[in-house]
Protein chains: 2
Amino acid sequence: MADDDLLRRRAVLPIGTVMNLTTLTARQIRYFEEQGLVKPLRNAGNHRMYSLNDVDSLIGIVNERRSGMSLADIKRVRQHQRQQTSDAAARRALRDELFNQRFGQSGSSPYGQNFH
Amino acid sequence: MADDDLLRRRAVLPIGTVMNLTTLTARQIRYFEEQGLVKPLRNAGNHRMYSLNDVDSLIGIVNERRSGMSLADIKRVRQHQRQQTSDAAARRALRDELFNQRFGQSGSSPYGQNFH
DNA sequence: TCAATATGTTAGATTATCTGACATCCGCAA
DNA sequence: TTGCGGATGTCAGATAATCTAACATATTGA
């Protein structure tokens, strides 16, 4: 989790590039956005800009659909995953807060990095 | 050297994305092409398409210039490198050919992979 | 200083993307 | 069968991105 991750999160790819990399049509990609499965940013000219992580996610969707899942199924699974990871983040935040109450603001949590 | 490399060689990035990732202007990127420092492909609409390797190369140029090198210097160095690597490729090809003459077409070279 | 290098800027043309709407196709339940 | 919801195609009109070619303007090195 470092420089590479930052790069993968950077929204720099226009939809044409994403079409190339995912085999999806622009229509499909926009529809998936409508369904909340990707959330591209917009550049100054209002064009959607995607990250490499978005591309990975879309390729994942393509594969899941190949194996028979409907968009609704995929949506449900992903919301579940997001919920779980945000639960985990909430637990970590609570743990760190309790730690800081006991030991002051001097340092970081004893569990290593505060964010994973 | 596998899937990842193929991905890095794929020309999928329009010049706007390359501008973002390299801090170069479109004018500069096209000028570097004029000087033979990058060779983007063209899509069906005649727009230049760059690979991640191209982006790396351009970032390298930016850094080399920051450290005082002129474009001519950089060009010279890169041609040298290309020459060396193609020499190496030629040596490997010759080696493999000689090996096949002696041992037939059955298998690959005893040096491991035929291409590095 | 002069010539070569490197970059900016502009105009006009073409391609890419945007939104919104309507059409189509398909699987499934009533 | 009929009809509905999900998924995708397609179109028109508008705006943004990119292209080429040319000229202008620094910047640099002998």
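Convention: sequence-line order gives letters A, B, ...; per-chain numbering from 1. Any value given below was found using the heavy atoms of this structure, including those in side chains, with hydrogens, waters and symmetry copies removed.
- What separates CZ of R30(A) from C1' of dA21(C) is a distance of 14 Å, to the nearest Å.
- Side-chain atoms of V77(B) and M69(B), non-hydrogen and from C-beta on, do get closer than 4.5 Å to each other.
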L52(B)/L13(B) under side chain to side chain contact (heavy atoms under 4.5 Å, CB included): CA gap, chis, key distance, verdict: CA-CA 8 Å; L52(B) 285 173; L13(B) 308 176; 3.9 Å; yes
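- An angle of 30°, rounded to 10°, separates the two end axes of the helix from dT1(C)-dA30(D) to dA30(C)-dT1(D), each defined over five pairs.
- A continuous path of hydrophobic side-chain contacts links V62(B) to V12(A) [ILVMFWY only; heavy atoms under 4.5 Å].
- Among the protein residues, R48(B) comes within range of the sugar-phosphate backbone only, with heavy atoms under 4.0 Å from sugar or phosphate atoms but none that close to a base.
- Inspection of the T17(B) and N20(B) side chains reveals no N or O donor paired with an N or O acceptor under 3.5 Å.
- V38(A) and M49(A) fall into different hydrophobic clusters, where Ile, Leu, Val, Met, Phe, Trp and Tyr residues are linked whenever their side-chain heavy atoms come under 4.5 Å apart, directly or through other members.
- A heavy-atom distance below 4.5 Å is not found between the side chains of I15(B) and H47(B).
- In this structure, the CG atom of L24(A) is 14 Å from the C1' atom of dG9(D), given to the nearest Å.
- Between the OH atom of Y50(A) and the C1' atom of dC18(C) there is a distance of 11 Å, given to the nearest Å.
- A salt bridge is defined here as a Lys NZ or Arg NE, NH1 or NH2 lying under 4.0 Å from an Asp or Glu carboxylate O, and D5(A) with R8(A) fails to meet this definition.
- Atom CD of E64(A) is separated from atom P of dA7(D) by 14 Å (rounded to the nearest Å).
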Verdict with reasoning, D73(A) to E64(A), per side chain to side chain contact (heavy atoms under 4.5 Å, CB included): CA-CA 9 Å; D73(A) 295 334; E64(A) 287 163 337; over 6 Å; no
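- When the side-chain nitrogen and oxygen atoms of N43(B) are compared with OP1 and OP2 of dA16(C), one or more of them lie within a distance under 4.0 Å.
- Contacts between residues 12-20 of chain B and DNA chain C, defined by a heavy-atom separation below 4.0 Å, involve no residue at all.
- Taking atom CG of residue N46(B) and atom P of nucleotide dA17(D), one finds them 19 Å apart after rounding to whole Å.
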Once base and sugar-phosphate atoms are separated, protein heavy atoms under 4.0 Å mark nucleotides 2-12 of chain C, 5' to 3', with B, S and - as ---SBBBB---
Before giving the answer on side chain to side chain contact (heavy atoms under 4.5 Å, CB included), spell out for L37(A) and Y31(A) the whole-Å C-alpha distance, their side-chain angles and the decisive distance to 0.1 Å. CA-CA 9 Å; L37(A) 289 167; Y31(A) 182 68; over 6 Å; no
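- Residues D54(A) and S51(A) have side chains that bring a donor and an acceptor to within less than 3.5 angstrom of each other.
- Both M19(A) and L7(B) are assigned to one and the same hydrophobic cluster, defined by single-linkage of ILVMFWY side chains at heavy-atom distances under 4.5 Å.
- Atom P of nucleotide dA17(D) and atom NE2 of H47(B) are separated by 12 Å, given to the nearest angstrom.
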